[in-house]
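Here the structure is a predicted model, which is why all the values come from computation and not from measurement. Side chains are part of it too, since the values below use all heavy atoms of this structure and drop only hydrogens, waters and symmetry mates.
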Amino acid sequence: MDAALHEWNLSPKQAIALQSQLAQQLESSDRIDPVTYIAGVDIGFEEGGAVTRAAVVVLKWSPDMAPQLPVIEQVVHREPTRMPYIPGLLSFREIPAALGAFAKLTTQPQLVMVDGQGIAHPRRLGVAAHLGLWLDLPTIGIAKSRLTGIHAEVGEARGDWVPLMAKQEVIGAVLRSRTNVKPVFVSPGHRLTLATSLEWVMRCLGPTKLPEPTRLADRLASRRDQKRIKETR
DNA sequence: GCGACAG
DNA sequence: ATCTTGTCGC
C-alpha cells in the first residue's frame with residue numbers, strides 16, 4: 001500500500017522515470033488463462049475535470065454468440081481527480097479510478113481491454129500496459145488516435161492493418177476495424193503478443209469501430225448514458 | 001530550436 | 001476528455 005500511496009503522487013519527472021522502470025516488467029508473450037470473461041474499461045470526467053469516473057463492463061465470452069456477448073456486470077466508480085492530463089502520463093491520471101472500479105467488481109475477467117495505448121507509448125507504458133501490471137492480467141490497448149510511432153497507409157477493408165513502428169520495433173498495429181472509417185491503434189499491454197491482441201479485438205468487433213468491451217464501457221461512462229439512467233429511474 | 005502530443 | 005444542435009453525407 002505504500003507503493004500505491006506514492007505512485008500516484010509523483011512529479012512528471014518522477015513519473016517518467018517510473019514508467020521506464022515498470023516497462024521492463026511487462027511480459028510480451030502470451031500468458032493468458034482460458035477466457036470466460038472479458039472486461040472493458042473507460043474513464044470519463046465530470047465537474048469540469050474535478051471528478052474522475054471509471055466504468056468497467058464485464059462480458060461473457062462465447063465463440064457462438066460473438067460479437068454479441070452478454071453483459072454480466074457493470075461498475076461505475078467516481079473519485080477526485082489527482083493529476084491533469086499530460087501527454088505520455090495518462091495512466092497516472094486514470095488508473096487510480098480504474099483500480100477503484102475493479103475493486104468493486106465481483107467477476108474476475110481473464111482479459112481486459114482498455115481505451116488508450118498499450119506499449120505504443122514513448123516509454124512503452126501506456127495506460128493499458130500500466131493497468132495490466134497492477135491487475136496482473138492480460139491487457140490490450142485500443143486507442144482512437146496515435147500517440148507515438150509511424151506507419152504506412154492502411155487498407156480500406158475491415159480487418160486490414162499495418163504495423164505501428166518505433167525505430168525498428170513493432171509497438172502495435174493500425175487496424176481498420178470498420179470499412180471506410182478512421183482506424184484504431186491496437187497495442188498489447190501486458191501478458192499478450194500483438195498477434196493475440198489483434199485476434200481478440202477482431203473477435204469482439206461489433207457494429208462500430210470499437211470492440212464491444214470498450215464500446216460498452218464507453219457508453220456506460222458517457223455523460224449521456226449517465227443522464228439516461230437517471231431519467232429511466 | 002520547432003512541432004507532436006492517448007484521454 | 002468535455003462543452004453541445006443540427007446537419008452534411010453515404
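- Contacts of A:G88 with the nucleic acid, taken as non-hydrogen atoms under 4.0 Å apart, include base atoms.
- A:Q14 and A:S11 form a side-chain donor-acceptor contact under 3.5 Å, judged by distance and modelled atom types alone.
- At B:dA6, none of the side-chain N or O atoms of A:K144 fall inside 4.0 Å of OP1 or OP2 (strictly under the cut-off).
- Stacking between A:Y85 and B:dG7 is shown: the ring centroid lies under 5.5 Å from the centre of the six-membered base ring, and the planes differ by under 30°.
- Residue contacts shown for A:L89 include a base, since a base heavy atom lies under 4.0 Å away.
- Within 4.0 Å of A:R93, counting heavy atoms only, lies at least one base atom of the nucleic acid.
- Among the nucleotides B:dC5, C:dT2, B:dA6, the one closest to any side-chain atom of A:R146 is B:dC5.
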Pairs of donor and acceptor atoms involving the side chains of residues 95-110 of chain A, under 3.5 Å and at least two apart or interchain, shall be tabulated with distances.
unit_1	atom_1	unit_2	atom_2	d
A:K104	NZ	A:H77	ND1	3.0
A:T106	OG1	A:E73	OE2	3.4
A:T107	OG1	A:E73	OE1	2.6
A:Q110	OE1	A:T36	N	2.8
A:Q110	OE1	A:Y37	N	2.8
A:Q110	NE2	A:Q108	O	3.1

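- The phosphate of B:dC5 has neither OP1 nor OP2 within less than 4.0 Å of any side-chain N or O from A:S145.
- Contacts of A:D115 with the nucleic acid, taken as non-hydrogen atoms under 4.0 Å apart, involve only primed sugar atoms and P, OP1 or OP2.
- Every stem involving DNA chain B, taken as at least 3 paired positions in a row under the Watson-Crick or G-U wobble test at 3.5 Å, would be listed here, but there are none.
- Cation-pi geometry between A:R93 and A:F45 is met: the NZ or CZ atom falls under 6.0 Å from the ring centre, inside 45° of the normal.
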